[in-house]
Amino acid sequence: MADDGRNGPDETPNRDTEPIPRARPEPSVEDLYASTSGDVPASAPVLTEEELEGLRFDAAGLPVGPRRVLPLEPEPSPLVSRYLFPTERYRGEWRRHWIHLVPELAIGVGATFVMGYASGLLAKHNQGGVTGVVVLLWIAVLVWVGWKHLDWYFDRFILTNKRVMVVSGIVTRKVAMMPLARVTDMKYEQSPVGRMLNYGTFVLESAGQEQALREVKHLPNPNELYLRVCEEMYEPEAVEARLGRGEEGGGADDA
């Protein structure tokens, strides 16, 4: 086809589109430093993840970072192991917070002050026999306080991959349990004092009519315990994976 000479080699091609301008590259950190101060640093500042964690805060002013999972005991205590069957995976056991003993300790301290005051008053009136009775009553109160302390020591909240349990009592042993599969709702409550001292009350709702385990008071670290129970209910594979990595790491260290 013959060229009619309307579009010569030096003329602009007849097109409806225009060339797209190239995007300018974003300035680097060195260019920004050079444009502001004229000094170019040797390298850009590098912050580690631990340093960044201290700079992250939520709306309440509390630091935000990855959740630190409390370490688990590798094996249950002899007190707890007798209540676990062989195929059950142990996840941890907890005593109640020491705030659980405050009423008994207050009674013991109050009884000591009363005994001292009454003994001094009776001694002035030469009432030796009554003073002996007061001392015996004081000893009985101290024995009761010691018994309550032992009861607190043997009282345990237990978590496995299949159920939650509460074991209590010294002479009369009580074992209450609820399968995780039957837990329909779970919450924990913290009073202002509980938030300061880090304890709370757990409330477990079940599909059954009669519940052997519903309310557990004065449990320590309630937020961590709540997340651990929820993770065991809804993400058991994640728990197994985390515990597996921990065991592998421990085995490598031992090697």
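Please read these numbers as outputs of a predicted model, since none were measured by experiment.
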Practice problem: Evaluate the side chain to side chain contact (heavy atoms under 4.5 Å, CB included) criterion for residues Asn161 and Glu232: first the C-alpha distance (whole Å), next the side-chain angles of each, then the deciding distance (0.1 Å), finally the verdict. | Solution: CA-CA 6 Å; Asn161 66 325; Glu232 194 65 50; 3.3 Å; yes
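- In this structure the side chain of Phe157 never reaches within 4.5 angstrom of the side chain of Val167, judged on heavy atoms.
- Note on Phe154 and Ile158: separate hydrophobic clusters, where clusters join Ile, Leu, Val, Met, Phe, Trp and Tyr whose side-chain heavy atoms are under 4.5 Å apart, directly or indirectly.
- The main-chain N or O of Gly194 is found under 3.5 Å from a side-chain atom of Gln190 such that the two form a donor-acceptor pair.
- Seen from the ring of Tyr153, Arg156 counts as a face-on cation partner, given the 6.0 Å and 45° thresholds.
- The list of salt bridge (charged side-chain N to carboxylate O under 4.0 Å, His left out) pairs with a residue in residues 137-155, not counting sequence neighbours, reads Arg96-Asp155.
- Side chains of Leu105 and Val145 form a contact here, defined as non-hydrogen atoms less than 4.5 Å apart.
- Residue pairs that meet the side-chain hydrogen bond (donor to acceptor under 3.5 Å, both in side chains) test with at least one member in residues 97-115, sequence neighbours left out, are His100-His218, Thr112-Trp138.
- Under the 4.5 Å side-chain criterion, counting only non-hydrogen atoms from C-beta, Ile99 is in contact with Val102.
- At least one side-chain heavy atom of Leu197 sits less than 4.5 Å from a side-chain heavy atom of Val193.
- Following chains of ILVMFWY side-chain contacts shorter than 4.5 Å, one cannot reach Val143 starting from Leu150, and the two form parts of different hydrophobic clusters.
- Side-chain contact between Val164 and Met178: present, with at least one pair of heavy atoms (C-beta onward) separated by less than 4.5 Å.
- Taking a cutoff of 4.0 Å between a charged side-chain nitrogen and a carboxylate oxygen, Glu224 and Arg228 qualify as a salt bridge.
- Side chains of Glu215 and Thr201: no donor on one and acceptor on the other come within 3.5 Å.
- In this structure, Leu121 belongs to a hydrophobic cluster whose other members, linked by side-chain heavy atoms under 4.5 Å apart, are Tyr117.
- The closest side-chain heavy-atom distance from Leu213 to Met177 is not below 4.5 Å.
- Linking Ile, Leu, Val, Met, Phe, Trp and Tyr whenever their side-chain heavy atoms come within less than 4.5 Å puts Trp147 and Leu101 in one cluster.
- Between Asn198 and Pro222 the shortest side-chain heavy-atom distance falls below 4.5 Å.
- For Arg89, the salt bridge (Lys or Arg N to Asp or Glu O under 4.0 Å) criterion is met by Glu240, not counting sequence neighbours.
- A continuous path of Ile, Leu, Val, Met, Phe, Trp and Tyr side chains, each step under 4.5 Å between heavy atoms, connects Val216 with Trp94, placing both in one hydrophobic cluster.
- Residues Thr160 and Glu88 have side chains that bring a donor and an acceptor to within less than 3.5 angstrom of each other.
- Every residue meeting the ring-ring contact (aromatic ring centres under 6.0 Å, His included) condition with Tyr226, not counting sequence neighbours, appears here in chain and number order: Tyr188.
- Pro192 places none of its side-chain heavy atoms less than 4.5 Å from the side chain of Arg195.
- Annotation for Val203: hydrophobic cluster partners, listed by chain and number, are none (ILVMFWY side-chain heavy atoms under 4.5 Å, direct or chained).
- Within 6.0 Å of atom CZ in Phe85, more than 12 heavy atoms from other residues, nucleotides or ligands are found, so the atom counts as buried in its surroundings.
- Grouping the Ile, Leu, Val, Met, Phe, Trp and Tyr side chains by contacts below 4.5 angstrom, directly or via other members, places Val141 apart from Leu137.
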